[in-house]
Each structure stands twice: as C-alpha cells, then as structure tokens.
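Notes to accompany the following structure.
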Amino acid sequence: MPHHRKKTIAQILNECSFEQEYGSCLDCGDDACCEYDQAANVYVFSCRNEDCPHHWPPCNTLHIEDVPDWFAWPRP
C-alpha cells in the first residue's frame, strides 16, 4: 500500500479555489471584501472594520451583480 504524504494547510487552501476580492465600504471608508462561499453557493460581502454595522452580519447574495449599496468595487 503506497504511503500518502499529508498535505500542508497551504496546499489545501490553494486547492480550494476560494475567490476573495477587495473593495471598500462607503459608510465607514474602510476596506471591505467579497468572498464566494462554495458551500452555500453565495457571495458574501463584509466590511473589515469591526465597529462598522456592515462587518457583522455579512451580506449574502446569490449573484455578484447584487452588490449591497454600501459596497464599492475598487476603481479600475
């Protein structure tokens, strides 16, 4: 029976094509991020600032076009 090497956490994280994109929160001006949650099949928008009301609970949408009104994509 072949011996299987254990994967490192970095390898496991690389295999999960976990997309994360950054934008900004229009309410507090801090960074915000959009993540795709493959398990729930939703896009999750949240502000990085823990004092901001958009930090928790995060905003979940089925379509990436349905961006919450407080979230701004970075300027191209």
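Note on V44 and L62: same hydrophobic cluster, where clusters join Ile, Leu, Val, Met, Phe, Trp and Tyr whose side-chain heavy atoms are under 4.5 Å apart, directly or indirectly. Both F71 and I64 belong to a common hydrophobic cluster when Ile, Leu, Val, Met, Phe, Trp and Tyr are linked at side-chain heavy-atom distances under 4.5 angstrom.
Between Y36 and Y43, the two ring planes are tilted [angle within 30° to 60°].
Only one option out of P58, C25, C34, P57 pairs with S46 in a side-chain contact (heavy atoms from CB on, under 4.5 Å); it is P58.
Taking all atoms of both residues into account, the shortest heavy-atom contact from H55 to N49 is CB-O, 3.1 Å. Taking all atoms of both residues into account, the shortest heavy-atom contact from P74 to Y22 is CD-O, 3.0 Å. The nearest pair of heavy atoms linking D66 to F45 is O-CE1, 4.3 Å. Looking at every heavy atom in both residues, W73 comes nearest to V67 through NE1-CG2, 3.5 Å. When every heavy atom of D37 is checked against every heavy atom of A40, the shortest pair comes out as OD1-N, 3.2 Å. Heavy atoms only, all atoms of each residue included: D69 and L26 are closest at O-CD1, 3.5 Å.
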